[in-house]
Structures are given as structure tokens and as C-alpha cells.
A.B. asks: 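One structure follows; several queries about it will come next.
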Number of protein chains: 2
Amino acid sequence: MRVLAVEDDERIAADLKTALEAAGFRVETCSDGLDAWFLGDTEEYDLVILDLGLPRMDGLSILKKWRANDREMPVLVLTARGAWTERVEGIDAGADDYLPKPFRMEELVARARALIRRSAGRASASQSVGELTLDANRMSVSLRGMPLATTALEFRLLSYLMLHRDRVVPPTELLEHLYGDDESREANALEALIARLRRKLGPGIIGTRRGFGYFLEGGAA
Amino acid sequence: MRVLAVEDDERIAADLKTALEAAGFRVETCSDGLDAWFLGDTEEYDLVILDLGLPRMDGLSILKKWRANDREMPVLVLTARGAWTERVEGIDAGADDYLPKPFRMEELVARARALIRRSAGRASASQSVGELTLDANRMSVSLRGMPLATTALEFRLLSYLMLHRDRVVPPTELLEHLYGDDESREANALEALIARLRRKLGPGIIGTRRGFGYFLEGGAA
DNA sequence: TGCAAGCTGACAGAACCCTGACAGCCCGCG
DNA sequence: CGCGGGCTGTCAGGGTTCTGTCAGCTTGCA
């Protein structure tokens with residue numbers, strides 16, 4: 001587990017590092033706002049602990065920029081005592097939790113653990129096969145890291161194929177899933193849908209097993 | 001393997017029990033929502049089959065409560081035919097798979113197996129005879145580890161021979177299985193099919209017992 | 001040797017799937 | 001309210017792959 005601790009008070013930063021490492025995390029610290037923003041934007045952390053008062057760039061601004069840029073890692077914000085407005089702003093900016101200073105290290109570690117656990121559960125909402133990733137919560141699809149616009153129906157199709165990534169899914173089953181058989185659609189509706197999707201995705205994503213059905217390539221080699 | 005089948009229709013419940021036990025599972029049934037929730041929350045099952053319409057507590061609510069409580073066992077949801085919104089909700093609530101009612105018991109058993117296998121971390125349902133392996137999920141064939149392209153009909157033929165690996169299968173039976181006897185085919189269709197397959201597979205895979213039928217070499221001989 | 005069962009290659013129709021075009025529908029916007 | 005635009009189902013027109021049939025051939029057996 002990799003943690004970034006952003007804190008410009010050197011003594012607190014050192015204490016954080018000590019406590020979190022004792023708890024089994026790999027810890028990096030950073031005391032400058034701009035550097036922190038850059039690190040969080042480019043590196044992969046399982047958790048970020050973020051103080052709000054920082055040189056060169058304010059903590060809240062950093063957080064907002066991360067979130068705007070789809071950086072989803074859990075962020076625990078450290079706020080000054082009594083400044084509860086900061087907390088509201090923090091939540092708005094996309095913080096997952098906050099802790100008023102001063103705090104006891106045990107509490108911080110406990111919250112850190114809880115956040116990581118929670119984000120692990122949340123991660124199951126987004127799954128990928130091959131170069132394709134979809135996030136069930138945000139109803140978003142990305143291919144090789146690039147976000148890709150899909151319609152609701154397209155998403156449901158991909159979603160179903162993803163759920164059954166380890167097998168070839170027959171068209172009847174897909175039709176059943178997409179429409180429910182109360183309304184009968186021409187089988188061609190599915191083919192058209194697949195064609196449109198393939199045009200977006202390019203080749204090598206949705207495969208056809210002639211006579212059986214469709215599947216996601218790279219599904220369970 | 002221990003399975004909990006939650007279903008309030010007694011006849012279906014009995015069928016479920018019969019089919020799953022025939023497949024080698026240990027089955028407990030439950031017809032009440034609240035009881036089901038309690039069982040799933042306290043007992044350890046390898047799989048839960050969950051009907052959505054239940055007395056006292058709805059299936060989706062049960063599932064959500066389990067998941068909220070970190071109960072991770074695979075859950076197969078039975079939904080009413082055509083009510084596909086239920087399925088989407090089911091997935092959101094944490095179902096691993098769903099099956100629209102009415103369903104064929106064989107399909108349910110197959111999915112049950114797949115789910116248990118997946119949760120056990122293993123990948124695919126493949127079986128082999130001699131040097132030939134086929135994967136019923138991915139509809140793929142491999143010979144001596146090398147993947148081999150087959151058509152749908154060829155696959156079904158191999159599949160049937162593999163299922164009956166321990167005996168010689170008469171051509172009439174194969175014809176019946178492949179085509180259903182409503183449409184009559186020349187017997188030669190089967191011979192042509194076998195010939196094509198043998199050309200792909202090479203010698204020593206499909207054997208002939210003149211006057212009796214075909215078999216997979218290495219099957220029981 | 002003769003017969004029946006099984007094998008094979010060629011081929012054309014069938015099945016399957018893909019694609020582009022189009023039209024109806026819905027929804028937001030002016 | 002009309003308009004435009006995005007989403008989707010339908011249709012028609014292919015292209016490609018399968019596969020049943022046919023005719024002739026080989027093999028096994030009496």
C-alpha cells in the first residue's frame with residue numbers, strides 16, 4: 001500500500017511517516033503544494049493524506065484539480081481545529097474523509113485503513129478486460145486509458161460481456177438481457193449495435209464466435 | 001460444495017434441489033426472505049441461488065445487506081422473465097450472475113458450476129480426452145495445447161463425443177443430436193462433417209468402429 | 001469378387017454476420 | 001411548438017464461411 005503524505009510542517013510530516021510505516025504502508029512525503037499536485041496527478045497512490053495549508057498551491061485546489069482530472073484515489077484531508085467550513089469545502093472538493101488537527105496518530109491510521117478498505121470495495125465497481133475498462137458507477141468506458149463515449153445500450157452490452165468475460169455469450173442471451181423478450185426485436189438490432197460499438201472501439205475488442213455468440217477479447221486466456 | 005437455494009415456489013425449490021444434488025452439491029433450501037438473510041449472513045455457502053420475490057424480505061434487499069456486511073459468496077439471482085431492470089439492479093446490488101425464469105435446469109447447473117469455479121479462482125471449464133481439449137465456455141478446441149479453429153457444428157460434434165467418451169456413438173444418435181430429427185439429412189452429411197474434422201485434427205483423434213459408430217481415441221479404450 | 005459401409009473432394013446453396021442507409025422516437029432548445 | 005440532433009430499430013444488400021449433397025473412391029468383410 002502506497003501512501004502520499006502532504007504536510008508542510010516537518011515535525012508532523014515525520015510523525016506521519018513513522019506512524020504509517022509502522023502500520024505497514026509505504027510512505028512518501030511532500031511539503032510543497034505544486035509538487036504534491038504533480039505527484040498525485042502522475043503517480044499511483046492507494047491513499048493521499050492532504051494538509052490544506054501549503055506553499056505554492058492550496059490543498060483544496062490541488063484536490064479539485066485531481067478530481068477534475070479523474071484521479072480517484074481516496075484522500076484524507078487534515079483541517080485546522082475548529083475550521084469546520086474547511087471540512088465542508090473539502091468534501092465538496094472530493095475528499096473522502098477529514099481529520100481535525102491536532103489528532104492522535106492511532107486515529108489517523110485507523111481512518112487511513114478504513115479508507116483504503118472502502119476504496120478496495122469501490123474498485124470492484126470498475127473492471128477491465130484487455131484494454132477495455134468500464135466503471136459501473138460512473139457508467140463510463142475507457143479504452144487504453146482514453147475515455148470513450150458510449151450510449152446507455154452500448155454500455156449495458158459491454159457490461160454484460162464483461163460480467164461474462166470468461167465465456168462466449170449467445171446472441172439470444174444478449175437480446176434477452178438488453179431488451180427482455182416481452183418486446184420482440186429483430187435479431188439484427190443486436191448486430192447493428194455490435195457494429196456501431198466496434199466502429200467506436202476498433203478491432204480486437206469484441207470478438208465473434210460464429211454460430212455461438214460474442215465475447216470480449218482477452219477475456220480469460 | 002454447499003449451496004443455499006432461496007425460492008418460495010415449492011415446486012421450483014424441489015426441482016432446484018433435485019437438479020443441484022444430482023450435480024453433486026449439498027443443497028439447503030429456504031422459502032422465507034428473513035430466514036434466508038439470516039442463513040446467508042451466518043452460514044458459509046459456496047453459492048447462493050436467490051429468487052427475488054420472497055415473503056418478509058425482498059431478494060434484492062437481502063443481497064444488499066449481505067454485501068454491506070462483507071459476505072462475498074457468489075450469488076446467482078433468478079429474475080422474472082422480461083424484467084430486465086431487475087437484473088441491472090441485481091448486478092448493482094452485488095449479484096454475480098442472473099438467470100431469467102423460466103430456465104432449463106441444465107443451464108442453471110452450468111452457471112452454478114461456472115460461478116463456483118470462478119470464485120475458486122480457476123478459469124475455464126475444459127475437459128480433455130487424449131490430446132484433445134475443449135472448453136465449453138469459450139467454445140474453443142485445442143490439440144496438444146495448440147488452439148484449433150472449429151465451426152459451430154464441428155464443436156458440437158466433438159462436444160458430444162467427449163461427453164460420451166466411454167462408448168462408441170452410433171451415427172443415428174449423432175445425427176439426432178446435431179440436427180434434431182425434425183429435418184432429415186442424408187446420412188452422408190455426418191460423414192462429410194467427420195471427414196472435415198479429421199482433416200483438421202489429423203489421424204488418431206476420431207476413431208470409427210465400422211457398423212457401430214464413432215468415438216474419441218483415448219476415451220476409454 | 002461383390003457388397004455395403006465409410007471416406008473424400010468439389011461445389012453450390014444456405015446460414016451467418018456485417019454494414020450503410022434510413023426513419024421513427026425522444027428530448028432539449030430556441 | 002417546431003426544430004435539430006442523438007439514439008436505435010429496421011431494411012436491404014452484400015461478403016464470407018459453413019455445410020449438405022453428389023459422385024466417385026476406398027476399405028473391410030464374407
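Every chain is numbered from 1 and lettered A, B, ... according to where its sequence line falls, protein lines coming before strand lines.
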A.B. asks: Using whole Å, report how far CZ of Phe155(B) lies from C1' of dT19(D).
C.D. replies: 18 Å
A.B. asks: Hey, what are the protein-to-nucleotides 24-29 of chain D N/O distances that come in under 3.5 Å?
C.D. replies:
residue	atom	partner	partner atom	Å
dT27(D)	O2	Arg210(B)	NH2	3.3

A.B. asks: Hey, which of Leu39(A), Leu54(A), Val48(A) is the one that makes side chain to side chain contact (heavy atoms under 4.5 Å, CB included) with Cys30(A)?
C.D. replies: Leu39(A)
A.B. asks: Over how many whole Å does the gap from Leu175(A) atom CG to dT8(D) atom P extend?
C.D. replies: 15 Å
A.B. asks: In terms of side-chain heavy atoms of Thr151(B), which of dC18(D), dG20(D), dT8(D) is nearest?
C.D. replies: dC18(D)
A.B. asks: Given side chains that start at C-beta, do those of Glu191(B) and Asn188(B) come closer than 4.5 Å, heavy atoms only?
C.D. replies: yes
A.B. asks: Going 5' to 3' along DNA chain C, which are the first and last nucleotides with any atom under 4.0 Å from a heavy atom of chain A?
C.D. replies: dA15(C) to dG20(C)
A.B. asks: Taking the side chain as everything from C-beta on, heavy atoms only, tell me whether Phe155(A) gets closer than 4.5 Å to Leu134(A).
C.D. replies: yes
A.B. asks: When you check the phosphate oxygens OP1 and OP2 of dT19(D), does a side-chain N or O of Tyr179(B) lie under 4.0 Å from one of them?
C.D. replies: no
A.B. asks: Check side chain to side chain donor-acceptor pair (under 3.5 Å) between Arg210(B) and all other residues, then give those that pass, not counting sequence neighbours.
C.D. replies: none
A.B. asks: Will you find, in the side chains of Thr208(A) and Arg198(A), an N or O donor that is under 3.5 Å from an N or O acceptor?
C.D. replies: yes
A.B. asks: In whole Å, what is the span from the CD atom of Glu191(A) to the P atom of dG13(D)?
C.D. replies: 17 Å
